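Single-structure report; data block below.
In what follows, residues are counted from 1 in the order of the sequence shown. This one's a predicted model, so the numbers in the text were calculated from it and none came from an experiment. Scope of the values below: all heavy atoms of this structure, side chains included, with no hydrogens, waters or symmetry mates. All ligand and atom numbering here is 1-based and tracks the order in the structure.
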Amino acid sequence: MSLNTPISTWQGLRVWVIGASTGIGAAAAEQLYAQGARVIVSARKAEALEQFAAGKDSERAMALPLDIADRAAVLAAATQIEERWGAPDLTLVVAGTYNEMRAWEFDRDVAAKLLDINLNGPLNVMEAMLPRLLKERERRKGYLGIGFVASVAGYRGLPKALIYGPSKAALINMAEALYFDLAPKDIGVHCINPGFVDTPLTKGNDFHMPDLMSPQDAAREMLAGIKAGEFEISFPKSFTRKVKFARLLPPTAYFKLLRLTTKL
Ligand SMILES: NC(=O)c1ccc[n+]([C@@H]2O[C@H](COP(=O)([O-])OP(=O)(O)OC[C@H]3O[C@@H](n4cnc5c(N)ncnc54)[C@H](OP(=O)(O)O)[C@@H]3O)[C@@H](O)[C@H]2O)c1
């Protein structure tokens, strides 16, 4: 069901994709550009961003390297976009990192670094974008919104995802709270929960990843969901339906199922 106002066309829409140098974000940026959007790409790897912009219409492709964990850099980038093109209509927070961690490997410094990117990063974007979205809404009609790529790993505690899981659970929770406040103002909020996607992030996984998707398919699902006005966008359904069912189980049954399926 559409909880947000659908997008009639990507044509001319200003979309800021943060985390667009590889994987789902890079694929989304290409697809958005191909469908006529004006795309700003951000991440730390400047070269990959420049490659995206090279050969494209400079009025529709902008590379803006930044570290999402750097609060001042995110604020400065938002100002730069506004001055050059006007405030983004849609900001997509795709940036994220993963560290496999189990209880006996707990490392406070690694945990802090992960949270800086996966949780403080989105907060930095909210600081830059929420006042702009509210101001824009007062000024004009048309689609305005923000989307966060969380994960099905945020639904419940999972082995190896000791800090990654909580970072995504926090994002899901935050997106719900944001939706409650922004929906009456007709500002879209989207929470994207992918299953397994074949990207640099999952390259190191030494276990079978069920229903593994390509980043292109993942980006297509994400953009289709946003365009349709969906709040929660999860894919592939063949996998996320099972994870959603597991979310309903009481702890005893949940832990038994986890041991059985992960063999850990
Ligand atoms: N792959 C999966 O199976 C899967 C499943 C569920 C959820 N997700 C989520 O999907 C999102 C995209 O991941 P992906 O699978 O596409 O992996 P990926 O290819 O590793 O992409 C991660 C993106 O985030 C950017 N990024 C990381 N740290 C950053 C920082 N400090 N500042 C700015 N950008 C940063 C990376 O660019 P730079 O390194 O250039 O900065 C890259 O563009 C992540 O939030 C991830 O948690 C992935």
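Remark: minimum distance from atom 35 (C) of ligand 1 to any protein heavy atom is reached at Ala95 CB, 3.7 Å. With respect to atom 27 (C) of ligand 1, the closest heavy atom belonging to the protein is Arg44 NH2, 3.4 Å. The nearest protein atom to atom 44 (C) of ligand 1, hydrogens excluded, is given as Val94 O, 3.1 Å; this is a heavy-atom distance. With respect to atom 43 (O) of ligand 1, the closest heavy atom belonging to the protein is Ser21 OG, 2.8 Å. For atom 1 (N) of ligand 1, the nearest protein heavy atom (residue, atom name, distance) is Val197 O, 3.1 Å. Protein heavy atom closest to atom 19 (O) of ligand 1, with residue, atom name and distance, is Thr22 OG1, 2.8 Å. Scanning the protein for heavy atoms near atom 16 (O) of ligand 1, the closest one is Ile24 N, 2.8 Å. The nearest protein atom to atom 7 (C) of ligand 1, hydrogens excluded, is given as Ala150 O, 3.2 Å; this is a heavy-atom distance.
Within the 4.0 Å heavy-atom shell around ligand 1 one does not find Pro215.
Nearest heavy atom pair, residue Lys160 against residue Phe207, reads NZ-CD2, 3.9 Å. Across Leu115 and Ser167, no two heavy atoms sit closer than the pair CD2-CB, 3.8 Å. The minimum heavy-atom distance linking Val149 with Lys168 is given by the pair O-NZ, 3.1 Å.
Applying the 4.0 Å criterion to heavy atoms of Gly23 picks out, from ligand 1, the atoms 16 (O), 19 (O). Each of the atoms 9 (C), 10 (O), 11 (C), 45 (O) of ligand 1 lies under 4.0 Å from some heavy atom of Val149. Every atom of ligand 1 with a heavy atom of Tyr164 under 4.0 Å away is listed here by number and element: 6 (C), 7 (C), 8 (N), 9 (C), 46 (C), 47 (O). Close approach of ligand 1 to Phe196 (heavy-atom distance below 4.0 Å) involves ligand atoms 3 (O). For ligand 1, the atoms closer than 4.0 angstrom to any heavy atom of Ala20 are 43 (O). The Gly96 neighbourhood of ligand 1 comprises atoms 22 (C), 24 (O), 27 (C), 44 (C), 45 (O), with distances under 4.0 Å to a heavy atom of that residue. Close contacts between ligand 1 and Asp67 involve ligand atoms 30 (C), 31 (N), 32 (N) [criterion: under 4.0 Å to a heavy atom]. Under a 4.0 Å criterion applied to the non-hydrogen atoms of Ser151, ligand 1 contributes the atoms 6 (C), 7 (C).
Both tests hold for Lys56 against Phe52: distance to the six-membered ring centre under 6.0 Å, angle to the ring axis within 45°.
Atom CG of Leu49 and atom OG of Ser21 lie 6.0 Å apart (nearest 0.5 Å).
With Leu201, Leu66, Leu49 as candidates, the residue nearest to atom 13 (O) of ligand 1 on a non-hydrogen basis is Leu201. Counting only non-hydrogen atoms, the option in Gly195, Pro65, Gly19 that gets closest to atom 5 (C) of ligand 1 is Gly195.
The aromatic rings of Phe239 and Phe196 sit tilted, their planes meeting at an angle between 30° and 60°.
Side chain to side chain, Asp211 and Ser238 meet the donor-acceptor criterion of an N or O pair below 3.5 Å. When only modelled atom types and interatomic distance are considered, Arg14 and Thr91 share no side-chain donor-acceptor pair under 3.5 Å.
Backbone and side-chain nitrogen or oxygen atoms of Ala69 are examined, and none is located within less than 3.5 angstrom of a nitrogen or oxygen of ligand 1.
At a 4.0 Å heavy-atom cut-off, ligand 1 touches Thr199 through the side chain alone. Proximity of Lys168 to ligand 1, defined as any heavy-atom pair under 4.0 Å, is confined to the side chain (atoms from C-beta onward).
Surrounding CZ of Arg247 are more than 12 heavy atoms belonging to other residues, nucleotides or ligands, all under 6.0 Å away. More than 12 heavy atoms of other residues, nucleotides or ligands sit less than 6.0 Å from atom CZ of Arg140. Residue Arg71 qualifies as open at atom CZ: its count of foreign heavy atoms under 6.0 Å is 12 or below. Open room surrounds NZ on Lys185; 12 or fewer heavy atoms of other groups in view lie less than 6.0 Å from it.
Of the listed residues (Leu114, Asn99, Thr97), just one forms a side-chain contact (heavy atoms from CB on, under 4.5 Å) with Tyr164, and that residue is Leu114.
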